[in-house]
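Chain naming here is simple, since letters A, B, ... match the order of the sequence lines and numbering starts at 1 in each. What you are looking at is a predicted structure, and each value in this text was computed from that prediction instead of being measured.
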Amino acid sequence: MEKIIMCIDMDAFFASVEQKSNPRLLGKPVAVIGSGSRTVITTASYEARRFGVKTGMTVYEARRLCPDLILVRGNSEKYIDTCRELEGIYRDFTPHLELYSIDEAFLDITRTHHLFNGPERVAALIKGRIMDRFGITCTVGIGPNLLIAKLASDMAKPDGMKWIKIEDVGRLLEELPVGELWGIGPATEKALNMMGIKTCGQLGRTPVSVLRSRFGILGESLKTMGMGIWTRPLITGEERPVSVGHSLTLPRDVWKREEMESWILLLSDKVARRARGYGYEGRTVSLTLRYPDFETFTKQKGLHTPTNDTHQIYRQVLSILDSIRLRDRVRLIGVRLSGLTRESNQMSLFSGLERRKALFKAIDTINNRYGELSLAWAASICKEGPSGRPITPSTGKELMRPSVY
Amino acid sequence: MNIVLDKNIMFPTITKLVGITEKKTLMPILSNLLIEFTPQITKIYATDLELSGVGRIDLRSPKERKIMIHGKKFQDILKEMDNGDIEFNIEENILTIKQRYSEFTFGLQDPEEFPEIKELDEGEHFHISGKIFLDMINRVGFAISNDETRFILTGMFLKSKNGKIVMVGTDGYRMALCEKDVEGLKDIGGVIIPKKSVAEIERIFEEEDMIKVTIGDKNIQFSNDHITLISRTLEGNYPDYENVIPEGNTNIAHVNKEEFFKGLKKVSTILGRSEPIKINLLKKKMEIEAESDIGKAKEVLDVDYNGADMALNFNFRFVLDVVSHIESNVITIKAPTTYGAILFEGEEMLTYKNIIMPIRM
């Protein structure tokens, strides 16, 4: 059976949500920025895009293009809530869906669209429900696979709907520049152009051996992408997560060990809390660091027994940090827990660990009810904490070395 | 200075000491051995700052001289040499190693850069036969934690009291405890020996050795006539292990060790990484069960059991470790009437207790 995949892409999602929640922003150029002090534009409203404001620009660049730009600090909780509700809407149309990012989702409606009188009607119903509920628009692309569905939605933006049927794929791709395809970034596009491959049609006709010799195993995917038949199965949420991780661009580049420790504790806590929320423990911890020149690297270390204990993860990350000779200040820190297995109910010999588990449970319950960081580790709070409040600097060394068995 | 010696006088000691040298590159100097030639004796030093070793070989040199040489490379060279005499020539900062048609030449680094290693000359000490000491280490070593985040459990606990030597290893979920009466023992408060040092003791000493154990302020030393190991001890409070040994476990089963071991191995073949093993104690019967995403397995053993029916879940590795370390034909399992620690014992000459906490279902 021919697959029918739908790509739903929210139009200027963060900006739309902000405009909707503050009507004074409606119809005005709005840009959503991150919470740090040297943040970039995460989303620009369509009004702002008309001035050339794009995702990833610094505030300075954006203001130069659009002096009246209204900046709004992003509120990720709000977007996540909206995203959750959107998922609920999608689930009314198919159980096979992948939330690809906070503002993009793929739905496999192959087996369900006939219940609603066809794919276009499904698209219209979803658009209608999102508009009714949130007052924001989205674009729906429909195609025989993820790649084409995504292409269709890119072509129909904003507030559009486009269905590329399988028989039209070849004609459409013939003249399409390769850079327009999802998954072909500027570097790959440049490399392809150097080889004389400018359009998807050309890419699809290039012998796979030629592509393989230049791009390795990616070569094969590239050819199928050019032919418009590249696909992968949807990653539906039912499978268990492979890893949980968080990273953060720091408000300013950090050199001092104590400051790094304090951010690492904050990230370890977020990671551990998420793992606890899923009911998973992990046996590999990794630390990602980025220097101001954007060189980024990751180092990992295994644990003897899987854990989701904030301090075990934190201590492990510190021991990774100990093994690194830093050559510069650090711009971004990331912590990840992988090798996840279901939380074990292994009982402990000594009461310390059991009490710790109970403690984390209590902390999680409080933070789930009253919001993240309602209760935080003193040592994770530093002057420029994520909430921006001026808080006591970290001195909590002792806290970090709990004698727990 | 010229020195000639038989390969087999030096090679075994070098091999033992190279194991201590630091292989990671954080402090390159620690990958070296320091060799100290004197007119009386030749001493060889190795250290990773936590654990140090001093080897003594019966080799008299015309003059006093210290050299520092890369441990692993030096070992490799000696290993490839034929049996028989090897000639060392040290001039200024150049070492030449010769044997018949082979010749190796090295520039030498300043030996004064090598960290100082202090042997413990005094302090509380006792002697113990290598056979007993190594056997005890083997009985508890497997249970020591590898988890650096639970620092204090990454060491083996050692103490002596009332003529008894006590060793304990635990990772917080299971614990192995071994006690043995030793003549001429003095009371020693507890020390915690890092896991790596424990492994090196097992590698370096032999059953025939009489081991002298000296307890210092922040370290502990083990020595025989040829070699001395000095290990840092871990600072902190070891958990109250005596308190967690269950006293009133009344559901008692006697199991044939061989059958138990085989049953565990069979059933475990279908286990993945994290599934538990289930042990059901029934009248005169024990069932070992496992279930994973590939299937189920079950083994039934005849056992001597008259207690209440029980179903216990364990980490498979923990049970297998215990069963393979008990040296007795019959293993006694003592389970409590409610959820709690389960005790495993054999019928042995020494006191050997293993405790495993179950997995809650």
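Taking L359(A) as the reference, I363(A), W377(A) meet the side chain to side chain contact (heavy atoms under 4.5 Å, CB included) condition, with sequence neighbours excluded. Contacts of D293(A) classified as side chain to side chain contact (heavy atoms under 4.5 Å, CB included), with partners at least two apart in sequence or in another chain: Y291(A), E295(A), R327(A).
Among the candidates V244(B), N315(B), N313(B), I356(B), the residue making the largest number of heavy-atom pairs closer than 4.5 Å to chain A is V244(B). Contact tally against chain B (heavy-atom pairs below 4.5 Å) for I313(A), D309(A), N345(A), L303(A): the top residue is N345(A). Contact count versus chain A (heavy atoms, under 4.5 Å) is highest, among M357(B), M175(B), R174(B), for M357(B).
With a 4.5 angstrom heavy-atom cutoff, E343(A) does not touch chain B via any of its atoms. Residue F314(B) does not touch chain A at all, counting heavy-atom pairs closer than 4.5 Å.
Partner T310(A) forms a side-chain hydrogen bond (donor to acceptor under 3.5 Å, both in side chains) with one of K270(A), R276(A), R273(A) and no other, that one being R276(A).
Taking NZ from K299(A) and CG from L289(A), the interatomic distance works out to 10.5 Å, rounded to the nearest 0.5 Å.
R317(B) forms no cation-pi arrangement with Y173(B), by the criterion of a distance under 6.0 Å to the ring centre and an angle within 45° of the ring axis.
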